[in-house]
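Encoded as structure tokens, the structure appears first; notes follow it.
Atom set for the values below is all heavy atoms of this structure, side chains included, hydrogens, waters and symmetry mates excluded.
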Amino acid sequence: MIVALDGTSLTIDAAVAVARPDAAGGFAQARLADEAHARLAATRAFIDAHWMHDEAPLMYAFNTGVGLFKEHRVLMADMVAYQAKTVYAHATGVGEPFPEDVTRAMMLARANAFASNYSGPRVELVERLLACLNAGLHPVVPQKGSVGASGDLAPLAHLAAAVCGFPEAEMIWRSRRMPAREALAAAGLEPDVALGAKDASALINGSTTSLALALLATHDARRLLKAADVALCLTLEALRGERDAFDPRIQRARPHPGQMKVARNVLRILDGSRRTTQDARDVVFPEESRAAGTPAAPRVQDVYSLRCAPQVHGPADEAVAYVERIVGTELNSATDNPLVVEDGSGGLVSLSGGHFHGQYVAQAMDLLAIAMADMASISERRLARLIDPGMSYGLPRNLLAGKKGLNTGYATVQCSASALVMENRTLAMPASVDSIPGKGNAEDHVSNSTWAGRKARTVVENAEQVVACELLMAAQALSLVEPIAPDHPIGRGSRAALDAIRAVIPPALEGDRWYAAEMAQALDLVRSGAVVRAVEDAVGALE
């Protein structure tokens, strides 16, 4: 797959295809679209012909210092040295490096921003960025040090230093961390690259690290929504719950789109179920005290974690849709400063603005973190019910398989899920309302978008783990009672999900067996979409 960058049409899914390997371990390649290449070349030719002399008017970052040195001219004779000094001055990040997918997303997003033809870099610089990306050269970029205004200066400066072959910079190539110059040479690229006026500023200015985190977290959150609906349905079947709460007639009384979508998904997955009926509830489960043949008390209505799932999953769906719009717009925007625009007389002019400010991304990531934290919270509450026979209507305590006492079951799975939920609650506190002025108060309001993106990504990862736990424990519950409820089949979608889980994880695992492999397999079923695909093959596309 080749992704052609034109600055206007890059999608989240295409960006993820470049940032992450496919099932075969390969990455989609990226290149400049022909028309974007031509536009960039024409713009740079104008800049070189009209602006690159010592009598030109002061234009921020083209021939001036940056920040509070904006009124100081940089002479053409000093321009090459100035580019290097600009990168060095901003490469002040700290902490562990970003994962490979974040770094790749940063490189791609920066190149696509250049392709929009507002930044004015040399075409050779954009091609160099894409050459490193396509060669699998991944700059070592510290995670901490950006406040999300003037862009993500520190992380992007580390990226720029590596791409340009600075002696202090490092890259990861073929899983080895090494000096950037060594990695570039090993990949067949010239270690040295010349930087012209504004090239350094174009590379480091813009909220691109925040955007890289945001697009990956948003993609993962969208994928998680359907998996959460499937997990809900498996738990509903295991608990022999009511379906009335998902009836389209009552959904129309409060017609939020996300809520209605979730209710439709649930009914589609449960199609054909006889487990969510009163007849099924009359079957005596292992931990119930009822005598055989004694009818169960009418359920009437379920607890909130089941009955109110559309009202919780639904807002999360709509929040992700909003975040997708913000991220999609940001992905096809120029976010550095200044920008080069037409002057209305056939020429170009440099205008200073504030597109580098990451508040859009920061607020979107805070919303995503809140939505996914609550999604994980309701999932954990369903999981807690599966473990406790007092709340599960008689499922084996701790979903134990094997000899009681010798085996203890899966109660601690719920503890692990609750730990993730509590972590998420702290991480869901908004970052976008925080601001500390910097650079002599020249930057007197910042967005904190990079931290917002980092923590949103963690919240989504934690939520994936919680939903994977619910899927696995609901599958365990259904497996344990299957022999005593043969006359009450589960829905077609639920059956497909259960079979998909069983295909990779043995059913009715012994009560003390909880290896990392099982959790990794369950998480892969969520992240790969395998369970959702199995359900959709059985009942049609989920929304």
[X], [atom1]: over 12 other non-hydrogen atoms inside 6.0 angstrom:
| X | atom1 | answer |
| --- | --- | --- |
| M1 | CE | yes |
| F356 | CZ | yes |
| H355 | NE2 | no |

- Message: With side-chain contact (heavy atoms from CB on, under 4.5 Å) as the criterion, how do E423 and T426 come out once you've worked through the C-alpha distance, each side chain's angles and the decisive distance to 0.1 Å?
- Response: CA-CA 5 Å; E423 182 176 311; T426 300; over 6 Å; no
Do [X] and [Y] have side chains that approach each other closer than 4.5 Å (heavy atoms only, starting at C-beta)?
| X | Y | result |
| --- | --- | --- |
| R122 | L40 | no |
| V102 | R457 | yes |
| E124 | R128 | no |
| Q465 | S416 | no |
| D317 | H313 | no |
| V340 | F46 | no |
| M52 | I47 | yes |
| P315 | H256 | no |

Which atom names give the shortest non-hydrogen contact between [X] and [Y], and what distance separates them?
| X | Y | value |
| --- | --- | --- |
| L184 | L137 | CD2-CD1, 3.8 Å |
| R39 | D6 | NH2-O, 3.3 Å |
| V140 | P97 | CG1-CB, 3.8 Å |
| V361 | I326 | N-CG2, 4.5 Å |
| A200 | V87 | CB-CG2, 3.9 Å |
| T43 | G120 | CG2-CA, 4.5 Å |

Whether [X] side chain and [Y] backbone form a donor-acceptor pair below 3.5 Å:
| X | Y | result |
| --- | --- | --- |
| D229 | V266 | no |
| E318 | G258 | yes |
| N332 | L10 | yes |
| R20 | R104 | no |
| S201 | K198 | no |
| Y82 | T64 | yes |
| R110 | N205 | yes |
| N112 | L331 | yes |
| N63 | M59 | yes |
| D22 | G26 | yes |

Is a donor from one side chain sitting under 3.5 angstrom from an acceptor on the other, for [X] and [Y]?
| X | Y | answer |
| --- | --- | --- |
| H445 | Q359 | no |
| E330 | S210 | no |
| E168 | Y88 | yes |

Nearest 0.5 Å, please: how far is [atom2] in [Y] from [atom1] in [X]?
| X | Y | atom1 | atom2 | answer |
| --- | --- | --- | --- | --- |
| L211 | T450 | CG | OG1 | 11.0 Å |
| N265 | L232 | CG | CG | 10.0 Å |
| D101 | L213 | CG | CG | 9.0 Å |
| T8 | N117 | OG1 | CG | 11.5 Å |
| Y60 | E71 | OH | CD | 11.5 Å |
| M260 | Q251 | CE | CD | 7.0 Å |

- Could you note down all residue pairs passing ring pair (Phe, Tyr, Trp, His ring centres under 6.0 Å) where residues 448-474 supplies at least one of them, sequence neighbours left out? none
- Message: Does D13 form a salt bridge (Lys or Arg N to Asp or Glu O under 4.0 Å) with R223? I'd like the steps, not just the answer.
- Response: CA-CA 11 Å; D13 286 345; R223 179 185 59 199; over 6 Å; no
- Task: Carefully, step by step, assess R454 and F98 under the rule side-chain contact (heavy atoms from CB on, under 4.5 Å).
- Result: CA-CA 10 Å; R454 285 173 51 219; F98 280 112; 4.2 Å; yes
- side-chain contact (heavy atoms from CB on, under 4.5 Å) between L348 and W51, worked out: CA-CA 10 Å; L348 300 173; W51 296 355; 4.2 Å; yes
- Message: Closer than 4.0 angstrom, basic N to acidic O: yes or no for R382 and E470?
- Response: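 E470 and R382: salt-bridged.
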- Message: Pair L542, V230 - check side-chain contact (heavy atoms from CB on, under 4.5 Å), show working.
- Response: CA-CA 10 Å; L542 302 180; V230 173; 4.1 Å; yes
Identify every side-chain donor-acceptor pair in residues 157-167 under 3.5 Å, counting partners at least two apart or on other chains, and give the distances.
residue, atom, partner, partner atom, Å
H158, NE2, A91, O, 3.4
H158, NE2, G93, N, 2.9

